[in-house]
Number of protein chains: 2
Amino acid sequence: MIRELAEKAKACLPALAQGDRDQALLRMARLLEERWEEVKEANEKDLEAAQEAGLPKPKRDRLRLDEKARRDLVEGLRQIALLPDPLFRIEGLVKRPNGLKVGRMRVPLGLIGFVYESRPGATVEAVSVALKAGNAMLLRGGKEAFLSNQALVGLWKRALKEAGLPKEAVSLVPTTDREAVLEMCRLELLDLLIPRGGEELIRLVQKEARVPVLAHAKGVNHLYVDERADLGMALELALNGKTQRPAVCNALEAVLVHEKVAPAFLPRLEEVMRKQGVELRACPRALALLEEAVPASEEEWDREYLDLILRVKVVKGLEEALDHIARFGSRHTEAICTQDPQTAWRFLEGVDASLVLWNASTRFNDGFQLGLGAEIGISTTKLHAYGPMGVLELTTLKWVALGEGQVRT
Amino acid sequence: MIRELAEKAKACLPALAQGDRDQALLRMARLLEERWEEVKEANEKDLEAAQEAGLPKPKRDRLRLDEKARRDLVEGLRQIALLPDPLFRIEGLVKRPNGLKVGRMRVPLGLIGFVYESRPGATVEAVSVALKAGNAMLLRGGKEAFLSNQALVGLWKRALKEAGLPKEAVSLVPTTDREAVLEMCRLELLDLLIPRGGEELIRLVQKEARVPVLAHAKGVNHLYVDERADLGMALELALNGKTQRPAVCNALEAVLVHEKVAPAFLPRLEEVMRKQGVELRACPRALALLEEAVPASEEEWDREYLDLILRVKVVKGLEEALDHIARFGSRHTEAICTQDPQTAWRFLEGVDASLVLWNASTRFNDGFQLGLGAEIGISTTKLHAYGPMGVLELTTLKWVALGEGQVRT
């Protein structure tokens with residue numbers, strides 16, 4: 001069944017690439033306005049079932065499609081439709097000594113599998129980015145959002161049809177069990193598989209996949225406060241990173257402080273964090289400088305709390321900070337606070353992460369914040385796309401050569 | 001043992017990225033001149049063993065490192081050393097509305113595993129491309145070339161040391177059995193695994209790998225001769241594609257001919273191919289126009305002969321050619337011969353292959369021919385690198401952000 005959906009989607013690729021995909025996005029925006037009742041009804045059934053099943057309130061909130069969610073989705077679709085069409089432009093066409101003109105043409109990746117949990121808004125956002133780039137999409141959403149996802153995919157099929165495109169280009173897998181995930185992992189028809197959700201789901205897909213996967217499992221993100229940091233700025237960065245939205249992947253999980261500034265910095269950090277209800281877990285040296293912190297256990301230095309908990313560690317300097325990040329970081333987002341450009345550049349060059357920041361909050365690791373205009377997820381895989389994946393990251397470059405009969409001699 | 005080598009190589013990455021890698025390449029070139037006797041001696045032992053083991057002559061020829069091979073390797077090293085250093089340049093640094101400057105910095109992929117068969121020259125060429133891009137290399141060469149590879153890796157370690165770089169950055173796995181390949185497939189320390197060799201090896205690695213793989217399994221490459229082709233040119237392209245070097249991956253394996261020109265073209269094709277000793281295997285319609293061709297069986301339309309055999313098929317036109325290529329091609333190299341630009345562009349856009357050519361020989365799918373300056377292999381994986389992989393294809397782009405205390409609001 002999944003294979004059949006995939007084969008049909010794959011057969012749409014030539015028509016998608018040559019068709020008016022922006023028109024499909026604009027039609028979808030219009031349908032979300034005109035036929036919202038259908039989506040709302042399905043979403044309410046999902047919410048009722050979630051309540052009966054005892055799903056905790058934060059998860060139910062993520063499931064809800066309210067008026068604001070609708071406005072954001074519609075606005076997002078119209079913005080993506082306005083982005084330039086990435087397909088079939090040729091980059092770097094050069095003339096070789098034999099007269100052959102060679103360059104690289106941007107084309108869709110092909111058929112993308114998308115495995116995701118709860119939030120049904122992703123059914124609109126992810127598909128819009130993939131379609132913009134000319135890809136077909138096979139979706140496997142979470143159990144809790146099944147009816148909402150089904151309603152939204154129904155609108156996608158209608159939007160595609162209204163734009164003169166094959167409706168099989170976007171499909172929802174009709175089952176939400178673990179077997180469906182495993183089947184997608186082994187579906188060699190997929191050119192790319194993007195899992196989005198909890199660490200457990202991502203690890204499962206990364207382990208089982210026989211097709212290329214782009215994803216991040218977690219964001220264990222550090223802020224290194226250098227001896228030459230502006231401590232007021234460092235406090236703001238720590239506070240923003242930890243508390244502005246603690247449950248997201250680019251939130252801050254640990255602060256590393258240079259030993260020379262630790263006595264001045266840590267009490268101030270404790271004060272602002274206490275006001276926000278943040279619990280500090282500290283290394284022995286930091287503990288001595290803090291009043292209410294608890295010891296951090298050896299096992300938790302690579303943990304992603306996604307909560308109001310912050311680790312604190314005193315380090316001897318840049319080298320120890322780099323070593324710590326290399327050992328415990330997750331290649332997601334790493335930041336330094338310093339007024340010393342030399343130290344900053346050593347950090348920027350030396351840290352292996354999808355975004356490395358100097359004097360800015362880790363919260364900027366996001367496709368919109370970095371100017372991509374849209375995002376389907378963040379990758380910590382180093383191949384193809386390292387960081388937020390937007391429209392261009394869902395395309396590839398094939399070589400083209402324009403000749404007049406050239407042969408090799 | 002393999003894991004230990006990988007851990008040591010991985011630890012070299014910061015020193016490699018910041019060190020004088022060009023110096024290591026130049027030292028290697030010098031060592032190949034000064035200490036060639038060591039390599040030659042090892043190579044002769046490999047050749048003796050190969051003869052005793054009854055290895056066929058073409059395979060023994062590939063194993064041999066003669067004077068010409070040495071000159072080519074030395075020349076290649078010096079050319080790669082002259083290429084610009086790709087690392088730490090920042091692409092597209094833009095200022096966001098909040099003043100944050102964001103861009104993408106080119107950095108090494110990390111630790112690359114390279115699994116290859118017979119030809120020992122690859123031990124120099126592949127390592128030089130990887131090192132240029134700041135990567136460490138873990139090599140698993142073929143049994144037949146083991147002593148040659150060991151001698152060459154010995155020189156690499158010496159070259160690295162003379163350039164002030166850690167010699168653990170390049171290592172040869174001391175076993176050449178299948179188990180070593182499987183162990184590398186599961187070695188999550190590898191940022192990339194590149195297999196190069198026969199179809200069986202590639203399929204094994206693609207099936208077993210738990211790490212990102214870039215490779216091509218085979219090159220089932222077509223030339224479509226359109227109704228508006230210059231038939232003289234088409235003959236030259238077919239001849240060059242099939243006979244200039246039949247045993248390589250970018251050689252031509254099949255010709256698709258438009259039915260309107262088949263009666264004029266096929267007898268001429270048969271004549272030139274006969275002179276080169278090429279056997280033609282044909283579809284029923286083509287058979288009727290050829291004198292000595294044999295029928296092509298249904299099972300062989302996706303076969304890579306790597307030999308003086310050419311398939312011939314008559315098609316109704318462009319659409320049938322596109323369908324045939326989509327079904328039987330291997331996404332490696334596909335060419336059209338036509339004087340009609342509209343048909344040519346439909347082919348260039350519509351064919352999914354790492355190189356699509358218009359009026360040029362398939363033999364141009366090669367890093368040197370396309371202007372990369374070097375090549376470690378050709379990828380038909382669409383992610384990250386589609387086509388020849390040179391120095392840039394062995395790097396990645398991470399995001400960097402330069403701020404003055406920016407936080408998200």
Side-chain angles (χ1 to χ4, degrees), chain A residues 14 17-18 88 94 96 100 102 104-105 107 109-110 191-192 206-207 210 212 214 230 233 236-237 239-241 244 322 344 348-350 352-361 363-365 369-371 381-384 386-388 396-409, chain B residues 14 17-18 88 94 96 100 102 104-105 107 109-110 191-192 206-207 210 212 214 230 233 236-237 239-241 244 322 344 348-350 352-361 363-365 369-371 381-384 386-388 396-409:
Chain A
Q18 298 291 344
F88 303 124
V94 296
R96 300 288 303 155
L100 193 64
V102 304
R104 299 166 100 167
M105 183 190 277
V107 291
L109 279 179
D191 293 290
L192 171 63
Q206 286 175 331
K207 184 165 167 282
R210 299 283 175 283
L214 290 179
D230 172 330
M233 185 196 289
E236 290 297 325
L237 298 182
L239 198 62
N240 188 254
Q244 201 239 353
L322 291 174
L348 288 167
E349 291 185 358
D352 183 12
S354 79
L355 170 62
V356 191
L357 306 113
W358 173 20
N359 290 345
S361 167
R363 292 276 294 114
F364 287 108
N365 200 352
Q369 296 295 326
L370 295 176
T381 312
K382 276 197 266 188
L383 256 70
H384 189 74
Y386 199 15
T396 188
L397 292 165
K398 71 179 179 191
W399 286 89
V400 292
L402 320 176
E404 298 111 39
Q406 280 85 348
V407 295
R408 265 184 83 172
T409 46
Chain B
Q18 297 291 343
F88 303 123
V94 297
R96 300 289 302 154
L100 194 65
V102 304
R104 298 168 99 167
M105 183 190 277
V107 291
L109 279 179
D191 293 289
L192 172 63
Q206 286 176 331
K207 183 163 166 284
R210 300 283 176 281
L214 291 180
D230 172 331
M233 185 195 290
E236 290 298 323
L237 298 182
L239 198 62
N240 188 254
Q244 200 238 354
L322 291 176
L348 288 167
E349 291 185 358
D352 184 10
S354 78
L355 171 62
V356 191
L357 306 113
W358 174 18
N359 290 346
S361 167
R363 292 277 294 115
F364 287 108
N365 200 352
Q369 296 295 326
L370 295 175
T381 313
K382 275 196 266 187
L383 257 68
H384 189 76
Y386 200 16
T396 188
L397 291 165
K398 71 179 179 192
W399 287 89
V400 291
L402 320 176
E404 298 111 40
Q406 278 86 348
V407 296
R408 265 184 84 173
T409 47

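Below, read A as the first sequence line, B as the second, and so on, with proteins coming before strands; counting in each chain starts at 1.
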Partner chain B: residue of [options] with the largest heavy-atom pair count (under 4.5 Å):
options: V94(A), N240(A), V107(A); answer: N240(A)
options: T396(A), L357(A), V356(A); answer: V356(A)
options: Q244(A), M105(A), R96(A); answer: R96(A)
options: L348(A), L370(A), L237(A); answer: L370(A)

Identify which part of [X] has an atom lying under 4.5 Å from any heavy atom of chain B, answering side chain, backbone, both or neither.
X: R210(A); answer: side chain
X: L214(A); answer: side chain
X: L100(A); answer: side chain
X: A17(A); answer: neither

*Is the side chain of K382(B) donor-acceptor paired with the backbone N or O of K398(A) at a distance under 3.5 Å, no angle test?*
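Checked: no pair found.
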*Among all residues two or more places apart in sequence or in another chain, which pass the side-chain contact (heavy atoms from CB on, under 4.5 Å) test with Q369(A)?*
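So Q369(A) forms a side-chain contact (heavy atoms from CB on, under 4.5 Å) with F364(A), D366(A), R408(B).
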Shorter than 4.5 Å, heavy atoms on both sides: which option in [options] has the most such pairs with chain A?
options: V102(B), N359(B), L192(B), L397(B); value: N359(B)
options: Q206(B), M233(B), E349(B); value: E349(B)
options: P212(B), A360(B), G387(B); value: A360(B)

Between [atom1] on residue [X] and [atom2] on residue [Y], distance to nearest 0.5 Å:
X: H384(A); Y: Y386(B); atom1: NE2; atom2: OH; value: 12.5 Å
X: D230(B); Y: E236(B); atom1: CG; atom2: CD; value: 9.5 Å
X: D352(B); Y: D191(A); atom1: CG; atom2: CG; value: 7.0 Å

Review item, side-chain donor-acceptor pairs of residues 399-407 of chain B, under 3.5 Å, at least two apart:
from    : atom 1 : to      : atom 2 : distance (Å)
E404(B) : OE2    : K101(B) : NZ     : 3.4
Q406(B) : OE1    : E404(B) : N      : 2.6
Q406(B) : NE2    : N98(B)  : O      : 3.0

